[in-house]
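Inspection log for the structure reproduced underneath, given as structure tokens.
As the structure is a prediction and not an experimental result, all values here were calculated from the model.
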Amino acid sequence: YAPIAFTKDEIEWAEKWRDDNMGKFIVLMPLHGTTLHKQFPQCRDWAETILKKYPLSTVYLAGDGHGKNVPFGYDGRVANTIGAPIRQLILMARYADLVSGPPTGLLTASVMWGTPRIYLATDASVRQLTYGAINDFSIQSETFCSPCNRAIYHAEDCYPPVREDLSECSFNFNKEAVMSRVDFIYDKLPWRF
């Protein structure tokens with residue numbers, strides 16, 4: 001992988017951001033990708049589960065601001081970075097302790113840093129998305145047609161009926177399986193202090 005070139009100022013900003021979060025388990029969660037099957041309807045539930053279980057955790061929500069999910073507060077431990085420049089978010093992924101969410105460029109970029117990630121695979125298989133990646137804990141949607149390897153821009157593009165204007169595969173992940181991956185990352189991998 002060839003890393004993106006960042007300016008000295010950008011890197012200094014990211015290092016300061018991490019220093020400001022010293023002693024915290026930082027989770028970066030993009031809310032959505034570009035299509036109906038690259039969405040994260042469980043974001044709020046899963047973020048609250050992490051925040052309740054791990055008092056040292058902080059969740060940073062990311063996205064372009066056009067998704068249906070909205071930011072939420074949790075004792076000041078959920079930060080809104082929706083609409084932040086992608087270069088900034090990629091550097092945040094470098095210094096985060098976990099990046100988790102649907103298929104997005106941010107999840108893909110986290111690979112170049114070796115940041116632990118949980119890629120919620122819908123459109124492609126876990127093997128396609130993660131071959132050769134380190135610290136990868138991705139999981140496949142349990143929907144019968146996943147991976148579909150298709151671009152689902154409209155409801156009629158999806159094989160099963162859509163739910164809440166999202167592809168069914170976006171909903172079908174085993175929460176316990178995902179949270180066991182979070183537990184492993186939290187308990188066994190070093191945080192970026």
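The line from CG of Asp123 to SG of Cys169 is 8.0 Å long, rounded to the nearest 0.5 Å. Atom-to-atom distance recorded for Lys53:NZ and Phe25:CZ is 11.0 Å, nearest 0.5 angstrom.
Distance alone, capped at 3.5 Å, places no donor-acceptor pair between the Arg181 side chain and the Ile118 backbone. Remark: the backbone N or O of Ser170 is paired with a side-chain donor or acceptor of Gln42 at under 3.5 angstrom. Between the side chain of Thr115 and the backbone N or O of Ala93 there is at least one donor-acceptor pair closer than 3.5 Å. Using modelled atom types, one side-chain atom of Arg117 and one backbone atom of Leu107 make a donor-acceptor pair closer than 3.5 Å. A distance-only check finds no donor-acceptor pair linking the side chain of Asn21 to the backbone of Lys24 [under 3.5 Å]. Using modelled atom types, no side-chain atom of Asn172 and backbone atom of Glu142 make a donor-acceptor pair closer than 3.5 Å.
Linking ILVMFWY residues whenever their side-chain heavy atoms come closer than 4.5 Å, directly or via other members, places Leu51 and Ile82 in the same cluster. Residues Leu98 and Ile134 are members of separate hydrophobic clusters, defined by side-chain heavy-atom contacts under 4.5 angstrom among Ile, Leu, Val, Met, Phe, Trp and Tyr. In terms of hydrophobic clustering, with Ile, Leu, Val, Met, Phe, Trp and Tyr side chains grouped at heavy-atom distances under 4.5 Å, Tyr119 and Ile86 are assigned to a common cluster. Leu36 and Tyr153 fall into different hydrophobic clusters, where Ile, Leu, Val, Met, Phe, Trp and Tyr side chains are chained together by heavy-atom contacts under 4.5 Å. Hydrophobic clustering (side-chain heavy atoms under 4.5 Å, transitive across Ile, Leu, Val, Met, Phe, Trp, Tyr) keeps Leu31 apart from Val162.
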Discussion item. If you apply the rule side-chain contact (heavy atoms from CB on, under 4.5 Å), what do you find for Asn149 with Gln128, and how did you get there?
Written reply: CA-CA 10 Å; Asn149 297 302; Gln128 289 170 311; 3.3 Å; yes
Item to complete: Show the numbers, then the answer: is there a side-chain contact (heavy atoms from CB on, under 4.5 Å) between Phe137 and Leu189?
Response: CA-CA 12 Å; Phe137 301 89; Leu189 296 182; 3.9 Å; yes
Item to complete: Check step by step if side-chain contact (heavy atoms from CB on, under 4.5 Å) holds for Leu91 and Trp17.
Response: CA-CA 10 Å; Leu91 276 172; Trp17 170 75; over 6 Å; no
Fill in: Criterion side-chain contact (heavy atoms from CB on, under 4.5 Å) on Cys43 and Leu61, from CA distance to verdict
CA-CA 9 Å; Cys43 181; Leu61 302 177; 3.7 Å; yes
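Closest heavy-atom contact between Tyr95 and Arg18: O-NH1, 2.9 Å. Between Leu89 and Leu28, the shortest heavy-atom contact is O-CD2, 3.8 Å. Across every non-hydrogen atom of His32 and Gly63, the tightest pair is NE2-CA, 4.2 Å. In plain terms, the two heavy atoms of Cys145 and Pro160 that are nearest each other are SG-CD, 3.7 Å. Taking every heavy atom of both residues into account, Ala124 and Pro147 meet most closely at C-CB, 3.3 Å. Scanning both residues, Asp136 and Ala133, for their nearest heavy atoms gives CB-CB, 4.1 Å.
Both tests hold for Arg150 against Tyr159: distance to the six-membered ring centre under 6.0 Å, angle to the ring axis within 45°.
There is a side-chain donor-acceptor pair under 3.5 Å between Tyr54 and Asp183. A donor atom on one side chain and an acceptor atom on the other are not found under 3.5 Å apart for Asp9 and Thr7.
Between Asp97 and Ile185, the closest side-chain pair of non-hydrogen atoms is not below 4.5 Å. Put simply, the side chain of Pro103 reaches to within 4.5 Å of the side chain of Thr122, judged on heavy atoms. Within the 4.5 Å cutoff, the side chain of Thr49 has heavy atoms near those of the Lys175 side chain. Side-chain contact check for Met92 versus Ile26: every heavy-atom pair is 4.5 Å or farther apart. Proximity of Phe171 to Leu166: side-chain heavy atoms (C-beta onward) are separated by under 4.5 Å at one or more points. Between Ser146 and Gln140 there is a side-chain heavy-atom pair separated by less than 4.5 Å. Contact annotation: the side chain of Ile11 approaches that of Glu15 to within less than 4.5 Å [non-hydrogen atoms, C-beta and beyond]. Between Ile50 and Tyr186, the closest side-chain pair of non-hydrogen atoms is not below 4.5 Å.
By the 4.0 Å N-to-carboxylate-O rule, Glu48 lies close enough to Arg44 to be salt-bridged with it.
Relative ring orientation between Phe173 and Trp46 is described as perpendicular, the plane-to-plane angle rising above 60° on a 0-90° scale split at 30° and 60°.
The local environment of CD in Glu176 is sparse, with at most 12 non-hydrogen atoms from other residues, nucleotides or ligands closer than 6.0 Å. Atom CZ of Arg127 has 12 or fewer neighbouring heavy atoms from other residues, nucleotides or ligands inside a 6.0 Å radius.
Here the rule is side chain to side chain contact (heavy atoms under 4.5 Å, CB included) with Leu120, and of Val126, Thr104, Ile139 only Ile139 fits it.
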